[in-house]
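Fair warning: this is a prediction, and the values are worked out from it, not measured in the lab. Indexing begins at 1, ligand by ligand and atom by atom, following the structure's order.
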Amino acid sequence: MNNTTIECFLLTAHCRDNGNRFEITLWGASSSGERVRIFIDDFRPLFFCPRSVPASETAAASERKQLSMRSFDGGDVDCLYFANYSLMQQAAKRLKSARHTVFESDVSPMWRYLMERMVSGSMVVTGTPGRFGQFVNFTNPRLRGGAFTPKLEVMAVCVDGVDGEAISKIACVDEAQSHVFADRDERRLLVDFLAYTQERDPDIIIGWKVIDNALKTIRERCEANGVPFEPGREKGSRVTSSQYNRSWRGNDYPRTVWTARIPGRAVIDVPAMLRGYHHSPDEYQPDFSDCLTGARSIFDIFNRAEILQNAIERSKRSGQTLDSAGGSVASFDHLYLPRLHRAGYVAGDTADIVPPSQPLLGGHVLEPAPGLYENVLVFDFKSLYPSIIMTFMIDPLGFRVRDGDRVSNPMGSSFSKNHSLMPEIIRELLAARAVAAEQKNPYLSTAIKLMMNSFAGVMGATGCRFFSEHVSAAITGTGRYILKASIEHIENVCGKKVIYGDTDSIFVNLGAGMEDGADKIGKEISTETGVWLKEYLSEKFGVQSALELKYENHYRRFFIPSLRSGDTNQGTKKHYCGATIDKDGAIELTFRGMESARSDWTDLAKDFQRELFIKFFSGQPLEDYILTTVSLVQKGKFDERLIYKKRMRKSIDSYTVNIPPHVQAAKLSDSPARLIKYCITQSGPQPLEKLTAPLDYQHYIDSQLRPIADSILLWMGTDFDKITSGQQDLFG
Ligand code: DCP
Ligand code: MG
Ligand code: MG
């Protein structure tokens with residue numbers, strides 16, 4: 001037997017029942033540059049049931065095996081193996097309807113196969129290699145997790161065409177070359193595109209709405225032309241949609257989700273990745289002026305935003321495939337279940353989750369004291385929830401195992417010191433985040449931060465099999481406790497005034513004249529509070545604190561607006577503006593909750609907000625500037641700054657009632673682009689390229705200038721209308 005071991009990175013994973021067998025097909029990219037197909041048909045779908053279930057009830061299983069594993073309530077469990085997936089599902093359903101408990105019957109057997117082998121992206125394959133066309137093939141090899149990072153080939157695809165009509169162009173761009181297919185004969189065009197894809201043989205196909213637009217259109221046109229849609233490394237490509245209802249505030253909203261299955265090629269939607277992992281997807285706008293430019297700029301954005309590098313790292317951390325832009329619950333299962341099994345326990349089905357008795361609380365938000373401050377220091381706990389999980393050993397298993405050696409927390413619950421699995425999982429992720437930060441990769445650092453925080457989140461979400469209101473409350477409640485204790489310490493021991501705080505951030509007011517020593521004080525407070533907290537938590541709870549209060553920022557000026565009601569004693573939560581000064585003396589403004597980057601704000605609003613705050617912060621009067629800006633708007637001096645830009649999220653025709661302004665404008669356009677540029681005129685919204693009516697200046701004054709001015713003026717005891725109407729009185 002010729003046993004070979006190679007390392008490769010998972011590109012796609014698909015499974016199906018084939019008669020009385022369950023088949024998994026994986027595709028990977030190997031470290032030697034070969035593309036590898038891994039075919040598995042010797043893995044049997046399985047789930048668990050209590051040993052007490054009579055054998056007669058589990059006859060559909062091809063095998064029932066006693067395991068030395070237990071459920072969370074301590075009962076012994078058996079494992080039930082099935083010939084294929086559908087037999088497994090039917091058996092689970094039957095057992096449930098006969099009121100038997102089942103365990104993990106909702107875990108996909110394919111993911112179980114991968115997770116139990118600790119495959120997270122990278123995998124080590126041992127077996128007898130054969131051929132599959134030009135590719136390497138392994139059938140039923142041994143698989144285990146690896147640590148290899150691949151070099152992958154990416155191809156951007158952009159399609160030109162209108163829904164339901166023939167495709168006029170398809171552009172493809174990869175590292176080495178680009179090509180545009182523009183045959184009059186659509187059939188020819190499609191056949192050529194598919195042949196080209198096979199020849200270029202990319203590992204990843206990327207695009208802008210690549211599934212529900214590009215691939216879906218290509219698939220539909222292939223069907224219309226009788227061309228088999230087979231862009232994959234083997235047959236079986238599909239683009240499918242599924243409907244599900246999203247509940248929000250008691251209403252159900254039907255949503256269609258498109259998925260692409262292209263064996264051997266991962267499909268990555270660039271905007272979905274940007275939305276999922278980048279702070280402002282708006283800084284990345286592709287240029288769709290023509291099909292090739294579109295594909296080029298998608299390719300360029302993909303590289304600039306380091307999407308591939310980050311997707312690979314995320315895949316190695318979460319076990320999800322490269323195309324995944326989320327999947328918190330699945331990632332949690334992937335990391336947690338195999339560790340749980342090795343610890344000798346099985347988990348329940350998600351459907352058996354008992355919903356919380358009362359709404360779960362989040363972080364603590366202080367009542368902000370509105371006003372203008374000088375020299376405000378900002379502190380924030382580094383990875384708050386993850387460090388709480390580590391410090392207090394918070395963990396679903398550790399909560400349920402009732403052993404003696406336990407850590408108690410401020411919420412009064414306690415967790416097993418020796419059976420908690422989360423601390424180890426979090427420790428690895430914290431280390432990975434530290435590496436990402438060291439390598440100056442903020443996107444990856446953020447992605448890992450989000451993943452860790454989502455783990456804290458899913459334990460409080462009923463869609464997760466590990467949901468527990470007590471576990472979740474132990475995290476958030478301890479967070480509130482630590483925030484409050486730290487604030488008290490800073491106020492009573494450090495003798496500094498705290499003006500605001502949110503979840504894990506603390507804003508300290510030093511006051512006028514404290515510019516020079518501020519950074520030093522900031523560092524002292526963070527070190528001192530850290531040391532104190534360590535002692536305090538060790539004394540009270542006997543834990544070794546992993547908490548770290550970072551000194552984050554020194555704002556020279558800081559402003560918290562008052563409530564819109566005009567009550568100047570009450571501030572708005574999560575809203576503030578701070579000014580820092582960089583080493584060249586330039587003022588830099590940070591807006592929170594009053595962001596100038598909102599898509600419904602024009603350049604006028606952004607410039608106005610910035611200048612107004614700079615004047616405000618440097619103690620200059622505001623009235624003249626406000627009045628001048630209003631009058632320049634009225635005189636038409638700012639017309640080019642009055643353009644709204646908004647992206648179309650749905651097709652124009654899907655809006656029938658309550659048509660938003662950008663859609664009204666798009667309806668007037670001859671060839672509506674995805675990004676609608678329009679103005680509000682006296683005849684309503686009009687697209688930029690077809691402006692006929694005069695601009696509605698009053699609209700811009702009311703909806704763009706007024707709220708910005710009022711964010712400051714209300715606190716000063718006046719408002720925009722008073723200032724502007726006073727002006728009219730003067731001239732009237
Ligand atoms: N949090 C959350 N979901 C969010 C934001 C925050 O659950 N969208 C929770 C988890 C965080 C805590 O609030 O631990 C504090 O938020 P931070 O943004 O300060 O995040 P971290 O403290 O985790 O990371 P950092 O080191 O960047 O401060
Ligand atoms: Mg934090
Ligand atoms: Mg924070």
Answer yes if a protein heavy atom lies under 4.0 Å from atom 8 (N) of ligand 1, otherwise answer no. no

If you look at Asp504, which of its N/O/S atoms is nearest to the Mg ion (ligand 2)? OD2

Roughly how far apart are Glu428 CD and Leu335 CG, rounded to 0.5 Å? 8.5 Å

Can you tell me if, anywhere in Asp380, an N/O/S atom lies at a distance from the Mg ion (ligand 3) that is smaller than 2.8 Å? yes

Using distance alone, decide if ligand 1 has a nitrogen or oxygen within less than 3.5 Å of any nitrogen or oxygen in Asp380. yes

Could any protein non-hydrogen atom be found less than 4.0 Å from atom 15 (C) of ligand 1? yes

Pairs of nitrogen or oxygen atoms closer than 3.5 Å, one from Phe381 and one from ligand 1: do any exist? yes

Based purely on interatomic distance, does Lys382 place a nitrogen or oxygen under 3.5 Å from a nitrogen or oxygen of ligand 1? no

Considering the heavy atoms of Lys449, write down every atom of ligand 1 situated less than 4.0 Å from one of them. 17 (P), 18 (O), 20 (O), 21 (P), 24 (O), 25 (P), 27 (O)

Any luck finding a side-chain donor-acceptor pair between Gln704 and Tyr644 under 3.5 Å? yes

Would you kindly specify which portion of Leu384 sits under 4.0 Å from ligand 1, judged on non-hydrogen atoms: side chain, backbone, both or neither? both

Taking ring pair (Phe, Tyr, Trp, His ring centres under 6.0 Å) as the criterion, tell me which of Phe559, Tyr576, Tyr373 meets it with Trp715. Phe559

Check Arg433 against ligand 1 and report side chain, backbone, both or neither, counting heavy atoms closer than 4.0 Å. side chain

Less than 4.5 Å apart, side chain to side chain, heavy atoms only: is that true for Ser486 and Leu533? yes

For atom 2 (C) of ligand 1, is the nearest protein heavy atom closer than 4.0 Å? no

Please tell me whether Ser357 and Glu469 have a donor and an acceptor in their side chains that are separated by less than 3.5 angstrom. yes

Quick one: does Gly457 get within less than 4.0 Å of ligand 1, heavy atoms only? no

2.8 Å cut-off met by an N, O or S atom of Leu384 to the Mg ion (ligand 2): no

Using only atom types and a distance under 3.5 Å, with no angle test, would you say the side chain of Ser445 pairs donor to acceptor with the backbone of Ala436? no

State which residue, out of Thr478, Val543, Leu537, fulfils the side-chain contact (heavy atoms from CB on, under 4.5 Å) condition with Asn409. Thr478

Does the Arg406 side chain pair with the main chain of Ser414, one donor and one acceptor, at a distance under 3.5 Å? yes

Of the listed options Ile448, Ile388, Asn453, closest to atom 23 (O) of ligand 1 (non-hydrogen atoms): Asn453

Please check if a non-hydrogen protein atom sits closer than 4.0 Å to atom 12 (C) of ligand 1. yes

Is there a donor in the side chain of Asp519 and an acceptor in the side chain of Tyr551, or the other way round, less than 3.5 Å apart? yes

Exactly one candidate in Phe541, Phe399, Phe415 meets ring pair (Phe, Tyr, Trp, His ring centres under 6.0 Å) with Phe392; the answer is Phe541

The answer for which part of Lys550 has a heavy atom under 4.0 Å from ligand 1 is side chain

